[in-house]
Amino acid sequence: MRHNKKFNHLSRTASHRAAMLSNMACSLIKHKRITTTLAKAKALKKYVEPLITKCKNDTTNSRRVVFSYLQDKYAVTELFKEISVKVADRPGGYTRIIKTGFRASDASEMCFIELVDYDENMAKTKKKATRTRRSKKAAATAEAPAGEAPVAETATEAPAAE
């Protein structure tokens, strides 16, 4: 029975799992998006979201606690300077997991995990260009005179300059 076994051990020892999650969290903080397997992304989400919550309160103690998890001073600095500013008003849910399909070699489910506030593609909403129904002949004849008109104007301007 699986009583009180809440997290995925990822077929690793405790020290290997801690090192791997720390390394992945540093990569996520530095690059804002990483590609990994779905199981690792879910484990990373549980690992990194409390750290981002901790970075909202910039004190010496919170920096030390976060550094004890990450062991990378550049990632800690980036977390407290840039990311904490962007997530200051967000009550949680700092990461997003988007499934991308299956890996070719072993068919494991792949995804990318990203910081929600740093995704430029999802944040921008593209306006769909409205198209009207017109025949192809009408569009071709409308474009042709427009293309010829500037050529005719340049030809008439040249003799006037002489």
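Just so you know, these numbers use all the heavy atoms, side chains as well, and skip hydrogens, waters and symmetry mates. We number each residue from 1, following the sequence as shown.
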### Query
Does anything in residues 4-25 pair up under ring pair (Phe, Tyr, Trp, His ring centres under 6.0 Å), and if so which pairs, sequence neighbours excluded?
Phe7-His9
### Query
For Arg12, which residues count as a salt bridge (Lys or Arg N to Asp or Glu O under 4.0 Å) partner, sequence neighbours excluded?
none
### Message
Grouping I, L, V, M, F, W and Y whenever their side-chain heavy atoms are under 4.5 Å apart, do Val76 and Val85 come out in a common cluster?
### Response
no
### Task
Only pairs at least two apart or in different chains count here, so list each ring pair (Phe, Tyr, Trp, His ring centres under 6.0 Å) that has a residue in residues 50-89.
Tyr47-Tyr69
### Task
Tell me, please, which residues at least two apart from Asn57 pass side chain to side chain contact (heavy atoms under 4.5 Å, CB included).
Thr59
### Query
Between Thr36 and Met110, is any pair of side-chain heavy atoms under 4.5 Å apart?
no
#### Entry: From Lys40 atom NZ to Cys111 atom SG, the distance as rounded to the nearest 0.5 Å
10.5 Å
### Query
Can you list every salt bridge (charged side-chain N to carboxylate O under 4.0 Å, His left out) pair that touches residues 41-54, not counting sequence neighbours?
none
### Message
Once salt bridge (Lys or Arg N to Asp or Glu O under 4.0 Å) is applied, do any residues pair with Lys86, and if so which ones, sequence neighbours excluded?
### Response
none
### Task
State the OG-CG distance between Ser22 and Leu70, to the nearest 0.5 angstrom.
5.5 Å
### Query
Phe112, Val116: one ILVMFWY side-chain cluster at the under-4.5 Å cut-off?
no
## Note on the structure
The salt bridge (Lys or Arg N to Asp or Glu O under 4.0 Å) partners of Asp89 (sequence neighbours excluded) come to none
### Task
Not counting sequence neighbours, which residues clear side-chain hydrogen bond (donor to acceptor under 3.5 Å, both in side chains) with Gln71? List them please.
none
### Task
To the nearest 0.5 Å, tell me how far Ile98 CD1 sits from Asp119 CG.
6.5 Å
### Task
Working to the nearest 0.5 Å, report the span between CG of Leu79 and NZ of Lys56.
11.5 Å
### Query
Sequence neighbours excluded, which residues qualify as side chain to side chain contact (heavy atoms under 4.5 Å, CB included) partners of Ala19?
none
### Query
Does the pair Lys99/Glu109 count as a salt bridge with the N-to-O cut at 4.0 Å?
yes
### Summary
Hits for side-chain hydrogen bond (donor to acceptor under 3.5 Å, both in side chains) against Asp106, two or more places apart or cross-chain, chain-then-number order -> Arg103, Ser108
### Query
Salt bridge check: are Lys30 and Asp72 linked by an N-O gap of less than 4.0 Å?
yes
### Close side-chain approach of Ser27 to Asn23, heavy-atom, < 4.5 Å
yes
### Atom pair CD1/CD of Ile29 and Glu78 - distance to nearest 0.5 Å
8.0 Å
### Task
Name all residues meeting the salt bridge (Lys or Arg N to Asp or Glu O under 4.0 Å) criterion together with Lys81; count only those two or more places apart in sequence or in a different chain, and write none if there are none.
none
### Task
Look up atom SG in Cys26 and atom NE2 in His31, then write down how far apart they are to the nearest 0.5 Å.
10.0 Å
### Task
Could you pull out the closest heavy-atom pair between Leu115 and Leu28, with the gap in Å?
CD1-O, 4.1 Å
### Query
What residue pairs, at least two apart or across chains, pass ring pair (Phe, Tyr, Trp, His ring centres under 6.0 Å) with a residue in residues 87-111?
none
